[in-house]
A.B. asks: 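Below is a structure I'd like to ask you about.
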Amino acid sequence: MSQDDNEVRQAGVRRTVWRSVAALVGMFAFAWALVPLYDVFCRVTGINGQVDTTAQALVHDDVDESRMVTVQFITRNGSGLPWRLDVETRQVRLHPGQTSEVNFTFSNQSRSENWARAVPSVTPNTATRHVRKSSCFCFEEQLLQAGERVEMPLVFQLDRDLPPEVTTVTLVYTLYPVEGKTQKLQAGVKLDEGGEA
Amino acid sequence: MRTLLVRLAGGLTLVGSSQVALASGWNMPVGVTDLSREIYNLHMAIFWICVVIGVIVFGVMFYSLFRYRHSKGAKAANFHENTTVEIIWTAIPLLILVGMAIPATATLKKIYDPSDAELDVLVTGQQWRWRYEYLGEDVAFNSNLATPRAQIRGDEERGEHYLLEVDEPLVLPINRKVRFLFTSDDVIHAWWVPDFAVKQDTVPGFITENWVRINEPGIYRGQCAELCGVDHAFMPIVVHAVEEEEFDAWLAERQEMAAEEAMGIDREWELDELMERGEGVYGSICASCHQVEGEGSPPAFPALAGNEQMLADLEWHKDVIINGVSGTAMPSFRTTLNPVELAAVITYTRNAWGNDSGDVVQPAEIAERLE
Amino acid sequence: MAPKVPPQPTLEQSTAAAEAGHGHAHEAPPKGIMRWLLTTNHKEIGTMYLIFSLIMFFIGGIFALVVRLELFQPGMQFVNPEFFNQMTTMHGLIMVFAAVMPAFTGLANWMIPLQIGAPDMALPRLNNFSFWLLPVAFGLLLSTLFMPGGGPNFGWTFYAPLSTTYAPPSTTFFILSLHIAGISSILGAINIIATILNMRAPGMRMMDMPLFVWTWLITSFLLIAVMPVLAGVITMMLMDINFGTSFFNAAGGGDPVLFQHLFWFFGHPEVYIMILPAFGIVSAIIPAFARKRLFGYASMVYATGAIAVLSFLVWGHHMFVVGMPLAAQLFFMYATMLIAVPTGVKIFNWVTTLFRGSISFEPPMLFALAFVVLFTIGGFSGLMLAIAPADFQYHDTYFVVAHFHYVLVPGAIFSIIAAVYFWLPKWTGHYPNVRLAQWHFWLSVISVNLTFFPMHFSGLAGMPRRIPDYALQFADFNMVSSIGAFMFGFSQLLFVAVIVMCVRGGQKAPAAAWGEFADDLEWSVPSPAPLHTFETPPTFKRPAH
Amino acid sequence: MWGVIKSVLWAFLGVQRDEQRREDFEKGSPLAFIITGVVLGLLLVAILAVVAVWVAG
C-alpha cells in the first residue's frame, strides 16, 4: 500500500471518529433532554397521573348535567415529615364542567418550622388531562411554623371532554419534606441563637 | 423428586390434548375472573401458534440435518436466493401477528375500563408488607407474612401454604367490581394475584389502578412481583373472596372493632398491657428489619437494643416512629398504626431486651400529638 | 475465550513487511507483563478480551450457582436474603457487561481485521486502552461485595428508588464501574466502526463483507446510540444519591418510572447488542458445514438493520405493568410484535441454508445448530411476552427468566462457544479435540435445557423472579433447575480443557481449516495466523460460487 | 427516489434480492438510503402511534 493510500485511510478514520464522537455527545445530551421532554409528554398525555401544575382558567356555563362523576381525595404522608394533611371531605360528586372547592388542612405538629411539598397524582390517567385546577398547592414548597395550621383550597373542575367510561377520579396528595431547605432553616436558627449568646 | 416424576408422566400423557393446559401447577392458572380467563385463552392461543410454527421450522430443519448428511454422500445444491419464498415467509407471520393483535387489543381495552366500580381499595406497598384501605369505609389494616421464621430456617416443618399466608387477608366480595388503587411508601413493589390476572406496580408518590370482579368465592394467594429489597420474597398476598352478604357483615364487624379500639385511647394503660400489645406489633411490623431481639442489621437497620439515642430522647423516639426518617427505609407510621399501637410499640422498644427504661407512653398522649 | 498467545511473527512475515516499505519496522516487543500491558496488536488484544471474558464467565457463573444452591430447596439454607440479592445482581451485571459483551468485542478484535483484510484495527492504542479499562471497572465492581453494606443488591436493572434512596453505600462505586465499562464499550465501538468503514481491502465493498462484520457494524452503531443514555441515567442516579437532586425521587417532584423509561431505552437495544454478533457468527458457521452458500445474504443484512431500528421502539414492553396509558401499551405491543418478522426471516434463512446442503457436524456446527433451535424457543417465549394482556401474568416471573436465559445462554453464549471452536484452528493452528468438544456440546445442551426449561413452568405457575425462598409448589421445578445449573457449570470446565489442549497441540490445521465454504479472508492467511497479517492489503475477489 | 423507498421498505421486512441490493450498492452514496431509512422509521413510529391512539379511543 502506498503512502498516499495510507493517508487517505487515516483521514477516513479521523472523519469517522469525529462523527462518532459527535453522535455520542448528541446521544448523551438526548438522554438528559429526555427528562424535561418526558415531563412535558406526561403533562400533555397524562401518563402517570402527572398533572399540570399551572393554574388554569376554569370554563364556566358549560355543565354537563347528564352524568355525575365521583372525585375522591386521598392524603398521604411521606416519611420524615412531622406534618399532618387533612381534607375536609373524602369525596365529592359533581357534573363535568361544574366547579368545586375543597379545603385541605396542613398542620405542622413539631416544635420547629419545616418546609414541605405536596406531590399530586391522578388516576385513571385518561382523566388527568381533564382535571382543571384554578388554585392548587401542587408541588409548591410550603413553610409552616412550629404548630402552625393552614387551610388551602383546591378549586377545580372536570372538563366536559372527560371520557365517558371515567366514573371515578382519584386525586392523591403525598406530603414530602423538603430536606435541604429545612436543614438550612434549622442551621440558620442555631446560628442566630449563637449570635445572641 | 418422586412427585415430579409422577407429574411429568402425567403431563406427558396429556400432551397433545388441550387438557395439558389444565394440569395444575404447570401452566398459567385459568383464574376466577372473566378477564383472567380471557388472558389465559390468549396465552394458550399464542402458545399453540408457537408450537405449530416450531413444529414446521424444526421439522424442516431436522429433516434437512438427517436427509442431507455429508457422511451419507449428500451433494449440496447451489441456490441462495428466492424472493418469492422470502416474501411468503414474511407475509405469513405478519398475518398471524395481526390475527393475534386483534384479540389482545380487545382484552387490553377491557383491562383499562375503570368505570362503575362498587368498592375502592387502596393498596399500599411497604417494605415488606401490604396495607389495605377500604376507601370511604373507615376500615384499614396491614397484612404481614404469617409464616414463622422457624419454618423458613427449617427448624419447623413447613406448612401447606408456606410463604403464602398472612396475618390479615384482604377480604373482597364476589360479583362486585372492585377497583384497586396502588401506591407505595418506599420503593416499587408489585401486587400480583395470579388467579385474578392482576399485576400492578406500586410506585412511590404515584397512583395506578386496576380492577377485579371475582366470580367464585375462595382463598387466592399471590406475591410481591417486583424486587423491593431484602424481604421481597416475604410479602405475600392472600385474598378471601366471599359472598356479598358475608362481606358486608365482615365490613361492619371491622368497623365496630375500629370503634372499640378508638375507645381504648382515652383510658390509662398499664406497662404490662402495653408491653404485650407492643410485642405483637413489633413482631409483625418492626422485626423484619430491626430483628426479633432488636439487634438490627447495621448499617441499613440500626440496632434498637441498647440504642442510646433512642433511650436518651423520648421525644425523638416518638418522632421517628410517627413520622419516619426521610431517605431511609424507616417509614412514617402516623396513619398505618393507631395511637394504641404506636404507644404500645414505643413502650415495648423502650423496655424490651434489657432496655428497661421504665418509660410508659400512653395512647392518649400519642393521640393528642397527632391531633 | 481463548487463552492463546499469538505466535511471534515469522521471519518471512517480518521481512515481507519491511520490504513493503512500512515506516515502522517491528521492534522486538517488550517482554513479560509489559508486552501485554502495552500491546497494540489486535490479535493480542482480542486474546486478552477473550481470556478476560472467560474468567468473568466463570465468576458470574459461580454467583449463579450460589443462587441455584440456595434455590435447590425451599427455605433459607446457605446464604441470607441480602447476600442472595447481591448474587443475583452481580450475576446479571457480570454476565452482561463483563462476559458476553467483552467476548464479542474480543472476537471482533481478532476477526474483523482478518475478515476485511486490514493489518490491524484503525486505532490500535485506543484499543489497548479500552481493554485495560475493563479489569479496572470489574475489579472495582467486584470489590463492592466487600464494602460495608455489601455490593449492589437491586437487580441488574437497578430500578430507582431501590438503587438510589434505598441503596447500599457502595452504589457510588457501582456507578463509577459502570461508567468505566461503558467508556470501554464506546471506545471499542468507535474503533470497530472506524476499522470497518475505512480499512477494508481494496475491492471489498460493504455488501461483500462477511455477516459477522456487518452485524458488528450495526452493533457498534447501537452501542454508540445507547451507551451514552446509560451513562446519562447512571449520572442522574449519582446526583440523586450524592447531590440531592430528584430525578427519580417522588419526594422532590421526580418520577421513579422515568428511570425505567431511560434504562430500557438503553436496555432493549443492549439486548440486541448481545445477540446481533451471534447472528453473524452463526451465519458464517452454518454455510461452512452445510457446504452451501448462505441463503439470502442481503436479507440477512437488511433484517439486522431492521431489528436494530425496531429495537429503539419497544422499550415499553419491559414496563407493561407500571401503569402506562392504554395507547402506550398498544404502541409497544404492536412494535414488539413487529420485531418477530425480521427475526423470523433470519431463522428461515438459516434453515433454508441447511435445506439440500451437505451437512457435517463438527463442534462449531453442533453449537450453531443448537443456537438456531434454542434461540428460536427463546424467541417464541418473547413473542408470548409481547402480548401485553398476557404479560400481566408473565411479567417479573420465572417465565421471563426462562425467556432471556434461552436467548442469552444457548443464544449468545452458545454462539460465542461456536465461534471459538470455529476460529481456534486459525488462532492456534490446531483443530480442537473433537471427542471432548462433543462431550462439551452434549452436556451443555442437555443441562442448559434442564436448567431453563422448567423455569417456564415455575413462572407460569406463579413464581416471581429474584426471590431467595419460594412456596412449596415450586420445589420440584427448582430442584431440577439447580441440578441442571450445576451440570452446566461444570461442563464448561471441558471447554477450558479443549482450549488449553488446542493451544498446546493437536491435529494441525491448514490455512483454510473448514473447507471451501468457509471462504472469508481470514482463511487465506496461514494457521496459526501470524502476529502481523495483511500488511500488504490483499486484493479482494468475490467468491465464485 | 421510488426505487430507494422501495428498497428501504423491503429492508424493514428484512427481504431483499441480490440483484436489487447490488444495484442499490452501485449507487455510490448511501446518504439517500440513510435519510430515507430515518424518515420511513419516523413514519413507522407515527403510524404505529396513530393506530394505537385510535384503537385506544
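Chain A is the first sequence line, chain B the second, and so forth, proteins listed ahead of strands; every chain is numbered from 1. Excluded from the calculations below are hydrogen atoms, water molecules and symmetry mates; all remaining heavy atoms, backbone and side chain alike, are included.
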A.B. asks: What are the two closest heavy atoms between A/V122 and B/I207, and how far apart are they?
C.D. replies: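 Where A/V122 meets B/I207 most closely, the heavy atoms are C-CG2, 4.0 Å.
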A.B. asks: Side-chain contact, heavy-atom cut-off 4.5 Å: B/T183 with A/I74?
C.D. replies: no
A.B. asks: Determine the minimum heavy-atom distance between B/F206 and A/S121, stating which atoms define it.
C.D. replies: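 Smallest heavy-atom distance, with atoms named: CA-OG, 3.6 Å.
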A.B. asks: Under the side-chain hydrogen bond (donor to acceptor under 3.5 Å, both in side chains) rule, what do A/T170 and B/R179 come out as? Steps first, then yes or no, please.
C.D. replies: CA-CA 11 Å; A/T170 308; B/R179 175 168 168 259; 2.8 Å; yes
A.B. asks: Please classify the contact of A/P82 with chain B as side chain, backbone, both or neither, using a heavy-atom distance under 4.5 Å.
C.D. replies: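 The answer is both parts of A/P82.
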A.B. asks: Evaluate the side-chain proximity of A/R90 to B/D138: yes if any heavy-atom separation is below 4.5 Å, no if none is.
C.D. replies: yes
A.B. asks: Measuring from A/L81:CG to B/I322:CD1, what's the distance to the nearest 0.5 Å?
C.D. replies: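 These two atoms lie 12.5 Å from each other.
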A.B. asks: Measure across A/P124 and B/P114 and return the closest heavy-atom pair with its distance rounded to 0.1 Å.
C.D. replies: CG-CG, 4.1 Å
A.B. asks: Can you establish whether the number of heavy atoms outside B/E368 located under 6.0 Å from its atom CD is more than 12?
C.D. replies: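 Result for CD/B/E368: open.
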A.B. asks: Strictly distance-based, threshold 3.5 Å: is any side-chain N or O of B/R334 a donor or acceptor partner for the main-chain N or O of A/W83?
C.D. replies: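 Yes; judged by distance alone, with no hydrogens or angles, the pair exists.
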A.B. asks: Could you tell me which portion of A/Q91 (side chain, backbone, both or neither) has an atom closer than 4.5 angstrom to a non-hydrogen atom of chain B?
C.D. replies: neither
A.B. asks: Got a donor-acceptor contact below 3.5 angstrom from the A/T167 side chain to the B/D116 backbone?
C.D. replies: yes
A.B. asks: In this structure, are over 12 heavy atoms from other groups packed under 6.0 Å from A/R19 atom CZ?
C.D. replies: no
A.B. asks: Does any N or O in the side chain of A/T174 come within less than 3.5 Å of the main-chain N or O of B/G205, such that one atom is a donor and the other an acceptor?
C.D. replies: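 No; judged by distance alone, with no hydrogens or angles, the pair does not exist.
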A.B. asks: Tabulate, in ascending numerical order, the residues of residues 336-347 of chain B having at least one heavy atom closer than 4.5 Å to a heavy atom of chain A, or enter 'none'.
C.D. replies: none
A.B. asks: Do other residues, nucleotides or ligands put more than 12 heavy atoms under 6.0 Å from A/R93 CZ?
C.D. replies: yes
A.B. asks: Starting at CD of A/Q72, measure out to CG of B/D120 and round the result to the nearest 0.5 Å.
C.D. replies: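 A/Q72 atom CD to B/D120 atom CG measures 4.0 Å (nearest 0.5 Å).
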A.B. asks: So how far is it from B/Y112 OH to A/N125 CG, rounded to the nearest 0.5 Å?
C.D. replies: 7.0 Å
A.B. asks: So for B/D319, is it side chain, backbone, both, or neither that comes closer than 4.5 Å to the heavy atoms of chain A?
C.D. replies: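 The side chain, not the backbone.
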A.B. asks: Check each atom of A/R84 against the heavy atoms of chain B and say whether the ones under 4.5 Å are side chain, backbone, both or neither.
C.D. replies: both
A.B. asks: For atom CD of B/E315, decide whether the heavy atoms of other residues, nucleotides or ligands shown that lie under 6.0 angstrom number more than 12.
C.D. replies: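 For B/E315, atom CD is crowded (more than 12 foreign heavy atoms under 6.0 Å).
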A.B. asks: With a 6.0 Å cut-off (strictly less than), is the heavy-atom count around CH2 of A/W18, excluding the residue itself, greater than 12?
C.D. replies: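 No, not enclosed.
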A.B. asks: Nearest 0.5 Å, what's the CZ-OG1 distance between A/R76 and B/T335?
C.D. replies: 7.5 Å
